[in-house]
J.: 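Okay, here's the structure, questions in a sec.
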Amino acid sequence: MLRAFRDALRVPELQRKILFTLLLLMVFRLGSAIPTPGINSAALQDGNNAVLGLLSVISGGNLQQFSIFALGVLPYITASIVIQLLTTTVPALEKLQKEGEEGRRRINQYTRYSAVVLGAVQALIFSVYIINSNPQALSPGWGPTFDTVLIMVLTQVAGIAFTMWLGERITEIGLGNGISLIIFAGIVSRYPIEISSTAELLRTGAVSALAIVAFVAILLIVIGGIVFVYQGERRVPVQYARKQVGGKTYGGQQTYLPIKVNQAGVIPVIFASAIFTLPQLLSSTLQQRAPDVAAFITRYLTLGSPTGILLEVLLIFGFTYLYNSIQFDGRRVAENLRESGGFIPGVRPGAPTAQHLSFISSRISLWGALFLALLTIMPQVVRSVTGIQSFQFTGTGLLIVVGVALDTLKQLEAQLTVRRYDGFISKGRLRGRL
């Protein structure tokens with residue numbers, strides 16, 4: 001990995017891509033430090049809002065301090081997932097996807113519009129929630145009025161649009177995966193502060209050195225497990241029939257169909273966390289009107305409670321199977337194989353192939369769901385055992401960080417391979433001329 005980055009820094013074009021990406025990420029982090037008009041960030045953070053802290057992991061702390069980039073790419077992620085799911089069920093969107101580059105461009109345009117609309121709704125909900133739950137979070141001279149809410153919503157919508165623009169520029173001009181890199185930068189930006197807080201706990205004797213060593217060891221093991229599962233896949237062998245055209249034989253090669261162990265990525269965890277914010281919002285709303293209901297929600301429907309952990313695991317399993325069943329359609333894959341002259345050895349084409357692929361996908365989904373559930377529960381157990389609460393060690397954050405790092409590394413290696421290949425061709429042509 002270090003060699004890939006070292007070689008990339010030697011290529012002028014890749015140097016410009018890296019510098020451009022870092023510059024835009026710095027712009028994003030600069031905007032993350034600017035509070036939304038009417039919000040006192042210090043008072044908001046002192047409120048220790050658990051609901052905002054739950055989703056703030058993905059936004060890199062922006063939501064917890066309600067900066068101008070508080071929502072950031074969250075609406076775009078949600079809109080992308082919804083549009084992606086609708087593409088497999090709505091015939092019009094499915095037809096657009098098959099139209100090539102122009103169809104994908106229109107789908108991306110629909111995704112942007114949906115993200116802005118969804119972001120406006122989310123901004124309205126969070127603005128009203130902050131004003132009602134923590135009136136001290138408003139700056140002096142700002143009151144809980146319609147104008148205040150309107151300014152907050154417009155600021156967040158503008159921040160969402162600008163964040164999407166930054167992500168697209170990184171994708172087109174920078175290293176690629178702009179939205180993913182923005183999420184990556186937001187999560188990683190919290191690590192220095194959390195490491196400093198943990199070091200302060202060690203200095204004051206609040207935690208022991210053995211606890212920190214155990215914490216770091218478990219963290220490295222979890223990262224290794226994420227890399228192993230992230231790159232793990234089931235390779236289904238595929239054989240293509242031979243065709244003879246004009247005395248020449250085509251096809252006959254053997255290949256494989258890769259099915260990843262973790263096909264859904266972090267989407268089930270994000271959906272489960274988003275659903276768990278609803279009881280938190282309801283509990284805060286009913287704190288004064290129905291304290292018994294609020295106490296019941298706090299006791300049984302929070303992430304730290306045993307029932308909350310069980311419900312979260314069930315939601316992760318449900319969303320994993322739902323997402324994988326929509327994304328990986330065994331019937332469609334079987335039809336594509338038959339049209340291209342491919343077949344799975346020992347399995348008849350058509351319905352038997354579709355059933356075989358669906359069976360393999362469902363079995364792999366079980367292991368992927370178990371992995372995500374374990375990754376979600378483990379940080380809570382580790383923090384309880386070691387007593388280190390200052391470092392927000394979350395499975396979702398680590399999965400995003402490791403996944404984006406691996407994807408970025410693959411893109412760098414691919415671009416380096418292309419440039420080495422071009423150089424090889426140039427040398428070959430030069431020798432031919434000589």
J.: Look at the side chain of T171 and the backbone N and O of G178, then say whether any donor-acceptor pair between them is shorter than 3.5 Å.
T.: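 Flag set: sc T171 to bb G178 pair under 3.5 Å.
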J.: Nearest 0.5 angstrom please: R104 CZ to I107 CD1, how far?
T.: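 Reported value, rounded in 0.5 Å steps: 8.5 Å.
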J.: If I compare all heavy atoms of G330 with all of S358, which pair ends up nearest, and what's the gap?
T.: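 The answer is CA-OG, 3.9 Å.
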J.: Show every ring pair (Phe, Tyr, Trp, His ring centres under 6.0 Å) that has at least one partner inside residues 93-125, sequence neighbours left out.
T.: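 Qualifying pairs, neighbours excluded: none.
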J.: Between V149 and S127, which heavy-atom pair has the shortest distance, and what is it?
T.: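 Here V149 and S127 meet closest at CG1-CB, 4.4 Å.
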J.: Where is the tightest heavy-atom contact between G342 and V238, given as atom of each residue plus distance?
T.: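 Shortest heavy-atom contact: CA-CG1, 4.4 Å.
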J.: For residues 165-189, pull every pair meeting ring pair (Phe, Tyr, Trp, His ring centres under 6.0 Å), keeping only residues two or more places apart or in separate chains.
T.: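 Passing the test, one end in residues 165-189: F162-W165.
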J.: Rounded to the nearest 0.5 Å, what's the gap from CD1 on I316 to CG on L375? Could you check?
T.: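 Here the rounded value is 8.5 Å.
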J.: With side chain to side chain contact (heavy atoms under 4.5 Å, CB included) as the criterion, how do V261 and R234 come out once you've worked through the C-alpha distance, each side chain's angles and the decisive distance to 0.1 Å?
T.: CA-CA 7 Å; V261 175; R234 169 70 183 274; over 6 Å; no
J.: Please tell me if the side chains of N177 and Q411 come closer than 4.5 Å, counting only heavy atoms from C-beta onward.
T.: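 Side chain of N177 against side chain of Q411, heavy atoms only: contact under 4.5 Å found.
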J.: Just so I know, are the side chains of Q263 and S365 near enough to count as touching, which here means a heavy-atom distance under 4.5 Å?
T.: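 Q263 reaches S365 side chain to side chain.
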J.: Could you give me the CA-CA distance, side-chain angles and deciding distance for L124 and Y129, then say whether side chain to side chain contact (heavy atoms under 4.5 Å, CB included) is met?
T.: CA-CA 8 Å; L124 177 62; Y129 173 75; over 6 Å; no
J.: Verify whether one side chain among T36 and Q156 offers a donor that lies under 3.5 Å from an acceptor in the other.
T.: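 Present: a donor and an acceptor within the cut-off.
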J.: Thinking salt bridges, do E102 and R106 make one under a 4.0 Å N-O criterion?
T.: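 No salt bridge links E102 with R106.
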J.: Is a side-chain donor-acceptor pair under 3.5 Å present for S139 with N40?
T.: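 Result is no, nothing qualifies.
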J.: Does NZ or CZ of K260 fall inside the cone over Y230's six-membered ring, less than 6.0 Å from its centre and within 45° of the axis?
T.: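 Because its charged atom sits under 6.0 Å from the ring centre and within 45° of the axis, K260 does stack over Y230.
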J.: Taking all atoms of both residues into account, what is the closest heavy-atom pair of G31 and S67, and its distance?
T.: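 Answer, listing the atom of G31 first, then S67: O-CB, 4.0 Å.
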J.: Could you pull out the closest heavy-atom pair between A115 and A79, with the gap in Å?
T.: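 Closest pair (atom of A115, atom of A79, distance): N-CB, 3.7 Å.
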J.: Among I18, L25, L19, exactly one meets side chain to side chain contact (heavy atoms under 4.5 Å, CB included) together with T21. Which residue is that?
T.: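 Testing each of I18, L25, L19 against T21, the sole residue satisfying side chain to side chain contact (heavy atoms under 4.5 Å, CB included) is L25.
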J.: Could you measure the distance from the CZ atom of F28 to the CD1 atom of I170? Nearest 0.5 Å is fine.
T.: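 One gets 9.5 Å once the value is rounded to the nearest 0.5 Å.
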J.: Does T87 use its side chain to pair, donor to acceptor, with the backbone of I83 at less than 3.5 Å?
T.: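 At least one qualifying donor-acceptor pair exists.
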J.: Quick one: are W142 and P37 in side-chain contact, heavy atoms under 4.5 Å?
T.: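 Side chain of W142 against side chain of P37, heavy atoms only: contact under 4.5 Å found.
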J.: Looking at R203 and E200, is any side-chain nitrogen of the basic one under 4.0 Å from a carboxylate oxygen of the acidic one?
T.: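 Answer for the salt bridge query: yes.
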J.: Would the F66 and F126 ring centres measure less than 6.0 Å apart?
T.: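 They do not qualify: ring centres at least 6.0 Å apart.
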J.: Would you say that F328 contacts I360 through its side chain, given a criterion of any heavy-atom pair below 4.5 Å between the two side chains?
T.: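 Sidechains of I360 and F328: no contact.
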J.: For R29 and G186, work out which heavy atoms get closest and say how close.
T.: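 Closest approach of R29 to G186, heavy atoms only: NH1-CA, 3.8 Å.
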J.: For residues T148 and T145, is any side-chain donor paired with an opposing acceptor at under 3.5 Å?
T.: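 Checked: T148/T145 side chains pair up, N/O donor to acceptor below 3.5 Å.
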J.: The test is side chain to side chain contact (heavy atoms under 4.5 Å, CB included); show your working for L372 and V313 and say whether it passes.
T.: CA-CA 9 Å; L372 292 176; V313 169; over 6 Å; no
J.: Using a 4.5 Å cut-off on heavy atoms from C-beta on, say whether the side chain of L374 contacts that of L370.
T.: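 A side-chain contact is absent here, since even the closest heavy-atom pair is not under 4.5 Å.
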J.: Rounded to the nearest 0.5 Å, what separation is found between the CD1 atom of I193 and the OG1 atom of T198?
T.: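 Going from the CD1 atom of I193 to the OG1 atom of T198 covers 11.5 Å.
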J.: Could you tell me whether a side-chain N or O of S196 sits under 3.5 Å from a main-chain N or O of P192, the two making a donor and an acceptor?
T.: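 The answer is no, because no donor-acceptor pair under 3.5 Å joins these two groups.
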J.: Given 3.5 Å as the limit, does a donor-acceptor pair link the side chain of S362 with the main chain of F359, or not?
T.: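 Yes, because the side chain of S362 sits within donor-acceptor range (under 3.5 Å) of the backbone of F359.
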J.: As a quick check of understanding, evaluate side chain to side chain contact (heavy atoms under 4.5 Å, CB included) for L412 and L175, giving each step before the final call.
T.: CA-CA 8 Å; L412 281 176; L175 293 177; 3.9 Å; yes
J.: Do F20 and I173 have side-chain heavy atoms sitting under 4.5 Å apart?
T.: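 SC-SC contact between F20 and I173 confirmed.
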J.: Measuring from L181:CG to L24:CG, what's the distance to the nearest 0.5 Å?
T.: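 These two atoms lie 10.5 Å from each other.
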J.: For Q84 and Y323, which I'm curious about, is there any donor-acceptor pair between the side chains at under 3.5 Å?
T.: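 The answer is yes; a qualifying pair exists.
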J.: If we only count heavy atoms from C-beta on, is the T353 to F343 side-chain gap below 4.5 Å?
T.: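 T353 vs F343: side chains apart.
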J.: Rounded to the nearest 0.5 Å, how far apart are OG1 of T163 and CD of E168?
T.: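 These two atoms lie 11.0 Å from each other.
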J.: Between L257 and R235, is there a side-chain heavy-atom distance shorter than 4.5 Å?
T.: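 Not in contact.
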J.: Give a yes or no on whether the backbone of L201 and the side-chain of T204 come within a donor-acceptor separation of less than 3.5 Å.
T.: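 Looks like yes, one N/O pair under 3.5 Å.
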